[in-house]
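Some notes on the structure that comes next.
So that the names make sense, note that chain A is the first sequence line, chain B the second, and so on, each numbered from 1. Keep in mind the model is a prediction, meaning the values are calculated, not measured.
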Amino acid sequence: MKKKRYLLCIAVMMLFILGITGCGKKDEVQVSEVTCVDDLEGKNIGVQIGTTGDIYASDYEGDEAGTKITRFNKGTDAVQALKQGKVDCVIIDEQPAVAFTNKNSELSILEEEFAIEEYAICVAKDNQELTANINEALATLKENGTLASIISNYIGDDTKGKSPYQSPEGIVRENGTLTMATNVAFPPYEYYENGVATGIDVDMARAVADQLGMELVVSDMEFDSIIIAVQSGKADVGVAGMTVTEDRLKNIDFTESYTTAKQVIIVNNGNASNELSLKEKFHQTFIEQGRWKYIPQGLLNTLIITICAGMIGIILGFILAIIRVAHDRNEEKSTLLKVLNGIAKVYLTVFRGTPVMVQVLIMYYVVFAAVKVNPLFAAILAFGLNSGAYVAEAVRAGIMSIEIGQFEAGRSLGFTYGQTMIYIILPQAVKNALPAMCNEFIALLKESSIVGYIGLMDLTKAGDIIRSNTYEAMIPLCSVAVVYLIIVMILTAGVSRLERRLKKDAR
Amino acid sequence: MQDKEVLIEIKDLCKSYDDHLVLDHINTTIHKGEVIAIVGPSGCGKSTFLRSMNLLEKPESGAIIFEGTDLLDKKTNINQVRQKIGMVFQQFNLFPNMTVRENIMLAPMKLKGMGKAEASKRAEELLSRVGLLDKAEAYPGNLSGGQKQRIAIARTMAMNPDVILFDEPTSALDPEMVGEVLEIMKELAKEGMTMIVVTHEMGFAKDVATRVLFIDEKNIKEDSEPKEFFENPKNPRLQEFLSKVR
């Protein structure tokens, strides 16, 4: 009976989502009014945050015509918004624009180019030795034609796919790893193919690493995190179709340029291609290139973060709660207890008073700025510390709800404060705190969806990767939502079962 | 009575809440085997006095000497001493998440290192003494007030205390259940258990107690044997009090 109810729940949810998306389709997308650069004033311009497109477009922001800039985390998100008529045009680098328009017939590139710029690799300011080494390697690659061959493998209808880069044989990689920060949603410079990051930048960086006798590691993160990651030493270089700008030069060094590119404007021409059927969309989302594999991979990371952070949270939460209660209930307070209570109070205030997103970013880019650390570890630690604060309040409320008489009964039998807590108070308090703790873990599971910001692929990011490959939002996003929902329902069922078992003794 | 061994000696005990003095230099001596009833108007500090004897309330000054050790001495391990001072509460304070058997077994097992089988056997003995062996597997929530208080007494007895403090043990009970609890206490008294009982049950004080204390205005105002206490009270406040409760 129970199982049927849950299945029914999921089915209703799916129908609900389909219903919503069905409604969305009925709106006709307006043909864009932008036909040249001069038309940009007063329009809603979509850009990828932190790109040169963003920097140029920002000049229009706040003008008299009321131009609006909408900034997206990914180029593909901006393109999707354009397809749905949410923005009037998108300013983006030429090559991704070509890739986008090839896949979406209703999009076209305006002939008039917006700006010309040069791409370069960014390196931390204090790492000038690496900058010099890369410049040397780039010079060699330019001279021997490798760079041109890599670029022509991705750009140009005639040459595409004809000259894939292959590492020369017999390379000794004795100089360690070269970690490359990038945002893998920017074809043809970087994109996923069969689950592997590839593209001009990736191949070029690999060629550079080969020259330097290093092993290339690709770290996928949000575009606006790349410079910070390189600055803080999380990555050695940033290679992401990145243009040299004055503002960027203040924070980071650039190597010599490895290619030039144009900023162009994409608009919606109204020639929407035939909408794929649901079955075709499903095939495209999951079956093509084995894209379904992203989901279990992402889910694994989501679960690892939730479970490990949850355990840290429980341990920390109990310690904090016991300190707070010991302080509040004891008449005679030792100095140690007062100090501990002070620390606990500050801790609770800070961790409950700031967004967990900011905490994760601080943990990765500030606390671990100087050390190379696995982002998974940083995420677990940040979420664990955050969770500890909420569990502490739940447990404290649970302890405070136990009658003082229980405590006195324990003490009068000869139990110490600690024994009374462990044998008598906590077993009862946990039961009272269980619903609040369960809510905290459900929140933790859902909040873990932000770890994409520090380059981790969790469930949400997995859906995003698929979405950036297929330009189809509904199935990846809804699938991810359903997976979250199922886990939350399993969790809820588990806890209510536990609650029932505990309630048995408590009448 | 004088030939009996001294169990507790209380010297100049003072206790106040913030600036409000509740107990003012109380002195008394309790011998082994005595059953002491403490009576007095509500708010007179009789419960505070009782709770001071195992330091659930911490006195400001004075001395509580139990079997030769001063409880207020900083070097005294109060947890060790409390194992020998049982306590029964008005609100029973049984552990609601444990069965009756587990309630009784917990302290002997965790504090005296008693094995499970032995503790269980001991729990059964005590349960049959309070007439509730059939409730061993029940949870406190399913018992009547009188049954709960009898279990609470058994739980205290499990530690083999040298004295048991009763804090208004029958005040939270429905009238028809008072008798069964007093009956158990009477039996304990007969067996020679030292008991200190804060109570409103004048019948119990008269019939079972060996000594009755009247506390009023922060101090012991009358301290005599029950016959004398009830038939020939000397303190005018006690005379007034007795005239009201009778």
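In this structure, the portions of B:Phe95 lying under 4.5 Å from any heavy atom of chain A include both its backbone and its side chain. Of the atoms belonging to B:Leu165, not a single heavy atom falls under 4.5 Å from chain A. Both the backbone and the side chain of B:Leu106 come within contact range of chain A, judged by heavy atoms closer than 4.5 Å. Residue B:Arg155 touches chain A through both its backbone and its side chain, counting heavy-atom pairs closer than 4.5 Å.
A:Glu403 CD: 12 or fewer foreign heavy atoms inside a 6.0 Å radius.
With A:Leu459 as reference, A:Leu299 is the one residue of A:Val451, A:Leu299, A:Leu300 to meet the side chain to side chain contact (heavy atoms under 4.5 Å, CB included) rule.
Smallest separation of non-hydrogen atoms from B:Met177 and B:Leu173: O-CD1, 3.9 Å.
Of the inter-residue distances, the one linking B:Ile85 atom CD1 with B:Ile196 atom CD1 reads 8.5 Å to the nearest 0.5 angstrom.
Taking the centre of each ring, A:Phe407 and A:Tyr417 come in below the 6.0 Å mark.
For the set A:Ile402, A:Leu413, A:Thr416, the count of heavy-atom pairs under 4.5 angstrom toward chain B peaks at A:Leu413.
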